[in-house]
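No hydrogens, no waters, no symmetry mates; every other heavy atom, side chains included, goes into these values.
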Amino acid sequence: MPRIRSFIAASLWLFFISADAHSMRCDSINAEVLTPDKKLSESICVVAIQTASFMKKIGFNTSSSLHIEVNQNLESLHFTPVYGLYNGHDNKIEIIDLASHLSESHSKKPFGLQMNKELHQSFIAHEISHAYTQANAPSSGLSLVAHEYIAYVVQFSMLSSTLRNSILDNYKVAAFEDENEMSALYLHLNPEYFAVKSWRHYISPENGDSFIKGVVRGEKLKFQALE
């Protein structure tokens, strides 16, 4: 399975992690977190537990193991901002730390907003969702569009209504009318628009959790020619 990432389309990555990183096992879920310090590990465990709780409520089995690493330099060879990635081959989640997000080299504002702790944590939830989605997927796997639809729904669900509404206010786009509009091309060209349109599609009464269950079963958002 290819690497799943937020907002970027990159195939090669440079990954550096501190030799004095702190390792922690999260309570109540099967997750290991590797970060530069204990406080950060505890914070990420909280996000992982909250993400697992939400996904369990909508029908996911969240007993699979997670391995999360946080570092200061997670850079694309395409020189585009990186918010995180999930490596399905190694079942590893890689997240750049908040301080690096705030640095000049990562000055792009996600969703048109200044990066902050809550928004940063939502990207962690986004990547964690990929791991749980892969663990629940059929043997044939799921499409990139399916993965990202679920990941953005989880990410937006983790946000406070205030922050989520700030994002929605920045993107005056309607919900996807149906799954035929959700293409890999649109995802690559307009990832933030894809995110907002996916969320608005999900919260429509006729979609919601039942649509996601169809996605996970491989009945919806199937593989496309460009994937």
- Would you check if the side chain of Glu118 reaches a backbone N or O of Leu163 as a donor-acceptor pair within less than 3.5 Å? no

- Shared hydrophobic cluster for Val173 and Leu187 (ILVMFWY, side-chain gaps under 4.5 Å): yes

- Would you confirm whether His67, through its side chain, and Leu34, through its main-chain N or O, come within 3.5 Å as a donor-acceptor pair? no

- Message: Under the criterion side chain to side chain contact (heavy atoms under 4.5 Å, CB included), I'd like the reasoning laid out for Tyr186 against Glu181: C-alpha separation, chi angles, the key distance, then a yes or no.
- Response: CA-CA 8 Å; Tyr186 190 91; Glu181 288 190 345; over 6 Å; no

- Item | Plane angle bin for Tyr171 and Tyr193 - parallel if under 30°, tilted between 30 and 60°, otherwise perpendicular | perpendicular

- Taking Asn136 for its side chain and Asn61 for its backbone only, find out whether a donor-acceptor pair lies under 3.5 Å. yes

- Item | Backbone of Leu113 reached by a side-chain donor or acceptor of Asn170 within 3.5 Å | no

- How about Gln121 and Ser43: does a side-chain donor come under 3.5 Å of a side-chain acceptor? yes

- Task: Write down the atom of Leu98, the atom of His120, and the distance for their closest heavy-atom approach.
- Result: N-NE2, 3.6 Å

- Message: For Phe156 and Tyr152, take the angle between the two ring planes, folded into 0 to 90°, and tell me which bin it lands in: parallel under 30, tilted 30 to 60, perpendicular over 60.
- Response: perpendicular

- Message: Are the side chains of Val145 and Phe194 in contact, using a 4.5 Å heavy-atom criterion?
- Response: yes

- Query: Are Phe123 and Pro110 close enough that some pair of their side-chain heavy atoms sits under 4.5 Å apart?
  - Reply: yes

- Item | Side-chain donor or acceptor of Gln134 paired with backbone N/O of Gly88 under 3.5 Å | yes

- Flag, side chain of Arg200 to backbone of Ala174, donor-acceptor distance under 3.5 Å: no

- Query: Would you say Ile203 and Ile58 are hydrophobically clustered, going by side-chain heavy atoms of ILVMFWY under 4.5 Å?
  - Reply: yes

- Task: Find the distance between OG (Ser183) and CG (Leu221) and round it off to the nearest 0.5 Å.
- Result: 11.0 Å

- Query: Can you list the steps and then say if Tyr132 with Phe60 is a ring pair (Phe, Tyr, Trp, His ring centres under 6.0 Å)?
  - Reply: CA-CA 7 Å; Tyr132 285 139; Phe60 284 79; 7.9 Å; no

- Query: Passes side chain to side chain contact (heavy atoms under 4.5 Å, CB included), Glu179 versus Val215? Steps please.
  - Reply: CA-CA 10 Å; Glu179 62 180 294; Val215 173; over 6 Å; no

- Query: Hey, what's the ring geometry for His130 with His126, parallel, tilted or perpendicular (30° and 60° as the breaks)?
  - Reply: perpendicular

- Task: Taking Glu94 for its side chain and Leu85 for its backbone only, find out whether a donor-acceptor pair lies under 3.5 Å.
- Result: no

- Item | Polar side chain donor-acceptor pair, Tyr202 to Asp209, under 3.5 angstrom | yes

- Task: May I ask you to test the Ile29-Thr62 pair for a side-chain heavy-atom distance under 4.5 Å?
- Result: no

- Message: For the backbone of Ile49 and the side chain of Ser53, can you confirm whether one donor and one acceptor N or O come within less than 3.5 Å of each other?
- Response: no

- Item | Value rounded to 0.5 Å, distance of CG in Asp37 from CE in Met24 | 9.5 Å

- Taking C-beta and beyond as the side chain, do Ser129 and Gln155 meet within less than 4.5 Å on heavy atoms? no

- Query: Can Tyr149 and His201 be counted as having a side-chain donor-acceptor contact under 3.5 angstrom?
  - Reply: yes

- Do any N or O atoms from the side chain of Thr35 and from the backbone of Val70 form a donor-acceptor pair under 3.5 angstrom? no

- Rounded to the nearest 0.5 Å, how far apart are SG of Cys45 and CG of Leu40? 10.0 Å

